[in-house]
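Starting from 1, each residue takes its place in the sequence as its number.
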Amino acid sequence: QVQLVESGGGLVQAGGSLRLSCAASGRTISSYNMGWFRQAPGKERVFVAAVRWTGAGLYYADSVKGRFTVSRDNAKNTVYLQMNSLKPEDTAVYYCAAVLRSPIITDSRTYDYWGQGTQVTVSS
């Protein structure tokens, strides 16, 4: 079992930045693909970004490409999502997720473990 806890969410003005962290426990995440998803009120959960277990593959939704950066620190068993140039439409609950070396990385149905989510609110 992998337990995931997100942190770093909050209220920020448009154009601002936040860094989300996802701390894992229970197992080392070095063999896990790690993903970030978000869910806005009344909408489905959607893919935001992901990093493969090798660290070499980085994936982003078109809506965040160039503004968000996903990274991992296996020594700290933590994954990060740096969010810059935030927009009101980025407002959502952000979830961290983990899956063991799956070839599919952008589909939420692939992931086995989820955090409880952290709220990000971007004001205009």
Pairs touching residues 83-114 that satisfy disulfide bond (SG atoms under 2.5 Å apart), sequence neighbours left out: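 Listed by first then second residue: Cys22-Cys96.
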Sidechain-backbone polar pair: Asp73 side chain, Thr78 backbone, donor-acceptor under 3.5 Å: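 Such a contact is absent between Asp73 side chain and Thr78 backbone.
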Ala24 backbone acceptor or donor facing Asn77 side chain under 3.5 Å: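 Yes.
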How about [X] and [Y]: do any of their side-chain heavy atoms sit closer than 4.5 Å?
| X | Y | answer |
| --- | --- | --- |
| Glu6 | Gln116 | yes |
| Phe68 | Trp36 | no |
| Tyr95 | Val48 | no |
| Arg72 | Tyr80 | no |

Determine, using the 4.5 Å side-chain heavy-atom cutoff (strictly less than), whether [X] and [Y] are members of one ILVMFWY cluster.
| X | Y | answer |
| --- | --- | --- |
| Val79 | Leu58 | yes |
| Val93 | Val70 | no |
| Met83 | Val64 | yes |

Without placing hydrogens or testing angles, list every side-chain donor-acceptor pair under 3.5 Å for residues 8-21, not counting sequence neighbours.
unit_1, atom_1, unit_2, atom_2, d
Ser17, OG, Asn84, OD1, 2.9

CA sep, side-chain torsions, deciding dist, call: Arg67, Tyr60, side-chain hydrogen bond (donor to acceptor under 3.5 Å, both in side chains): CA-CA 10 Å; Arg67 300 188 297 122; Tyr60 298 95; over 6 Å; no
Nearest-0.5 Å distance that lies between atom [atom1] in [X] and atom [atom2] in [Y]:
| X | Y | atom1 | atom2 | result |
| --- | --- | --- | --- | --- |
| Met34 | Leu81 | CE | CG | 11.5 Å |
| Tyr111 | Ile104 | OH | CD1 | 10.0 Å |
| Tyr32 | Ser102 | OH | OG | 12.5 Å |

Under 3.5 Å side-chain donor-acceptor pair for Ser108 and Arg45: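 Judged by distance alone, the side chains do not pair up.
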Salt bridge Lys65-Asp62, side-chain N to carboxylate O under 4.0 Å: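 A salt bridge is present here (some side-chain N lies under 4.0 Å from a carboxylate O).
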Pairing residues for Trp114 by the ring pair (Phe, Tyr, Trp, His ring centres under 6.0 Å) criterion, not counting sequence neighbours: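 Testing Trp114 for ring pair (Phe, Tyr, Trp, His ring centres under 6.0 Å), a comparison that skips the adjacent residues, returns Phe37.
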Tyr113 and its side chain to side chain contact (heavy atoms under 4.5 Å, CB included) partner, picked from Val2, Leu100, Ile29: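 Answer to the side chain to side chain contact (heavy atoms under 4.5 Å, CB included) test with Tyr113 among Val2, Leu100, Ile29: Val2.
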Among Arg38, Gln39, Gln119, the one residue meeting side chain to side chain donor-acceptor pair (under 3.5 Å) with Tyr94: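 Single pass found, and it is Arg38.
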side-chain hydrogen bond (donor to acceptor under 3.5 Å, both in side chains) between Glu89 and Thr91, intermediate numbers included: CA-CA 5 Å; Glu89 51 263 44; Thr91 295; over 6 Å; no
